[in-house]
4 protein chains.
Amino acid sequence: MVRSVDSPLQTAKAWSRSRRRKQPPDGDARTRILDAAEELFAGGGYEATPTARIAELAGVPKGLVFHYFPRKIDVLISLVDERTVVIEEEVEAVPGDAAGALSRLARRLPLHASPAMRRILFREADTHLSVRERLGRLNTEIIRRARFALELALPGGRGDAARLEAAAATFAAVLLYQESICLLTGHHIDPDAVAELIANALH
Amino acid sequence: MVRSVDSPLQTAKAWSRSRRRKQPPDGDARTRILDAAEELFAGGGYEATPTARIAELAGVPKGLVFHYFPRKIDVLISLVDERTVVIEEEVEAVPGDAAGALSRLARRLPLHASPAMRRILFREADTHLSVRERLGRLNTEIIRRARFALELALPGGRGDAARLEAAAATFAAVLLYQESICLLTGHHIDPDAVAELIANALH
Amino acid sequence: MVRSVDSPLQTAKAWSRSRRRKQPPDGDARTRILDAAEELFAGGGYEATPTARIAELAGVPKGLVFHYFPRKIDVLISLVDERTVVIEEEVEAVPGDAAGALSRLARRLPLHASPAMRRILFREADTHLSVRERLGRLNTEIIRRARFALELALPGGRGDAARLEAAAATFAAVLLYQESICLLTGHHIDPDAVAELIANALH
Amino acid sequence: MVRSVDSPLQTAKAWSRSRRRKQPPDGDARTRILDAAEELFAGGGYEATPTARIAELAGVPKGLVFHYFPRKIDVLISLVDERTVVIEEEVEAVPGDAAGALSRLARRLPLHASPAMRRILFREADTHLSVRERLGRLNTEIIRRARFALELALPGGRGDAARLEAAAATFAAVLLYQESICLLTGHHIDPDAVAELIANALH
DNA sequence: TATGAATGAGCTTTCATTCAT
DNA sequence: AATGAATGAAAGCTCATTCAT
């Protein structure tokens, strides 16, 4: 296994550290508003978060929120637009090592987003189309990559298409809801173990 | 695999049909309020549902909602208390057929709840402790059963404990979030295929 | 000073003891409702006391309150009607001892009412005519008796009418608001001392 | 006795006239809200006054009341905080004329407050701590001044401490509840007559 | 760009009162 | 007489949004 300094999934701390380096310490008003909204939406949910509290946490006057984001929903939309990126690119895969490929996928989700943004993505997907769409793209991309990794790793006709699809979808489900499950039920899942399990299943 | 008369998961229609038989067509006011809340909470979420709309849909005056449920949150709590039951009982398992046992588990979740209540359970778990606790119990129970089924099916020292745990947790994750994933991303997962996959993985 | 078993003003405890003797231990529903209302009105005020809490404290169903008292205000009116009696009778006075006569008046207010009812009488007088009227009668009666006592005690033309009137009114004010002042400001006033003071003033 | 330009107690009209001079005719919204609340609380009592009526009388939208005063009770608290001042300062006293000193005290209560605010202070003291505390301070201050005036006026060991205390407390009681008694029972008390009475009593 | 007062619709909740049983 | 479900007007309060400065 490739030595990895990072823990399998970037922690909240690591994330904010990496962003701090690129941004001015305080950020401009707009950034601070989005920062505040990110924290509050992740914590209590979009509906339960008044714009006034966003402004308060951001340290800006209430009116300024509506200067940058005409409607409250625009804060959420901008957050998802600007702070979650589904990376839909071709990946090079090493043939032969399915488990390793899946593990690598787990460690580097094709999603550029903070843990808070991941919560928001999952939690608000029900009610807001643009969020749902982004989540759908992420799911599709994970499945695509998992399928690709498994196809490459497993020579030829061995695994039939249906099984491969189920394996990829299962892995995607685990990756997507791993954090939620942990947060909600306290039950940790080790993606590496699942990767190995699934690779095994297709032999 | 045994052909099943039931569809893998009971549909919303089947559920309400089965309950209708046992209850008077209209039900008393309290029941109608809970019915309405179930529908609306599942549809738009707890926060976005005004009590007035619950009353309206239930065909009762606004005040009556608060006669039965002093606070709005009590409607949700009662709903979860009374309409979701996690079945925590011993199950007999047939040795040898891991995939079949998992499939059966998928077909009969140890949860007595309508599809709407399942949505509510998953969606509102973030914000309300009692809901989260119920979801946690469900997750634990599914894992327990899945582990039991796999242990029994797989003779002796073959699968080590960690792999077995990962397999059980993976299956639970898929079962729990299958409906959500489908609803949110449009991606169907066939629990039977996952069952077979996982059983395979442990050989 | 005449030996007195009673403390200058009957305390709350003494009052309820004396009433208990005359009434069945629990009382009928109507009585229990009035008991509860007396306690609650004295504690939090009429406006701030919901009828539901009266019923609850009385241990009767909510509907029964309205069976006996068609409107909420009727509870207050009945309370004042039945549980405060201004004793408007002739009193024999001993000539010569003005201070003693006033002290006796202080010790036996021409008012038959529990401490709680006295609070209610003073507190709700602003807003409810029937209460105000009762309080007015009490004030008038105290002044009448004080004037009578002072007239008798003080021979002839010595004190002019105006001074006598002021003395009587002052004594009435002290008696009426003594409890309130104590409750609100924590400042105790000794009616006996005031009696002596006023008697002195007219010599 | 010095003829006084002021009437013994400032009337409501005189009060508002004197304030009008210093303030713009309409005042800002917050002021108008407090003005309206002052009038309504004095008239019908705090509990019986809906915030909507305050807004209506103030000519501002309902929401603005809560912009300035997050809770209804904050209107009352602000009113008492800002519009009643207990003047706790040293007073110069002229030796020898006890009655005059008390009369002067009656004419200039150590309280800066409109007649309406005085009603509120006395009426709402029961239920709200901050109001009660203010009333307590006023009572203490009146007693302190009355005692001071009497001590100075009466040479040496003549009046013992207890009698002096009773006299001061009596005078305070009369001053405090004079208006209430008049309003409730229709019985006027002339503070000047009481002042003379009490001064007399200590000779 | 920045500010916070202003606005009013709509929310949860309270409550006196009615009424069928 | 006794009961508690039913009713709806009105209360306190929230909040997204507007707007003058």
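Per chain, numbering begins at 1; letters A, B, ... match sequence-line order.
- Between B:D35 and B:R83, at least one side-chain N (NZ, or NE/NH1/NH2) sits under 4.0 Å from a carboxylate O, which counts as a salt bridge.
- Looking at which nucleotide of DNA chain E each of A:L64 and B:I73 is closest to, the 5′-most match is held by A:L64.
- Put simply, CD1 on D:I54 is 12 Å from C1' on F:dA11, counting in whole angstrom units.
- With distances taken from any side-chain atom of B:T51 to the nucleotides E:dA6, E:dC15, E:dT13, the minimum falls on E:dT13.
- Here the closest heavy-atom approach between residue D:L121 and residue D:V131 is recorded as O-CG1, 3.6 Å.
- Between B:V60 and D:Y46, the residue whose closest nucleotide on DNA chain F is further toward the 5' end is B:V60.
- Across all non-hydrogen atoms, the minimal contact from C:I120 to C:A42 is CG1-N, 3.7 Å.
- Atom NZ in B:K62 sits roughly 9 Å away from atom C1' in E:dG10 (whole-Å rounding).
- Figure legend: cation-pi geometry between A:K72 and A:Y46, with NZ or CZ positioned under 6.0 Å from the six-membered ring centre and within 45° of its axis.
- Rounded to an integer number of Å, the gap from CZ of C:F69 to C1' of E:dT18 is 18 Å.
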Nucleotide pairing, DNA chain F (Watson-Crick or G-U, distances under 3.5 Å), in dot-bracket with [ ] and |: .||||||||||||||||||||
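- For B:F66 and E:dT17, the CZ to P distance is 21 Å, given to the nearest whole Å.
- Across all their heavy atoms, A:P50 and A:A48 have their closest contact at CD-O, 3.3 Å.
- Spacing between atom CZ of B:R32 and atom C1' of F:dA6 amounts to 11 Å, rounded to whole angstrom units.
- Both C:G63 and D:H67 lie near DNA chain E, and the one whose nearest nucleotide falls closer to the 5' end is D:H67.
- Backbone-only engagement by C:Y68 is indicated by non-hydrogen atom pairs under 4.0 Å involving sugar-phosphate atoms exclusively.
- As rounded to whole Å, 16 Å separates atom C1' of F:dG12 from atom CZ of D:R53.
- Within 4.0 Å (heavy atoms only), A:K72 reaches sugar-phosphate atoms of the nucleic acid but no base atom.
- By the neighbour-count criterion of 12 heavy atoms within 6.0 Å, atom CZ of A:R137 is densely surrounded, having more than that number from other residues, nucleotides or ligands.
- One finds no salt bridge joining C:E39 and C:R53 here, because no Lys/Arg side-chain nitrogen approaches an Asp/Glu carboxylate oxygen to under 4.0 Å.
- Between the CD atom of D:E47 and the P atom of E:dT14 there is a distance of 14 Å, given to the nearest Å.
- Put simply, CZ on B:R30 is 12 Å from P on F:dA6, counting in whole angstrom units.
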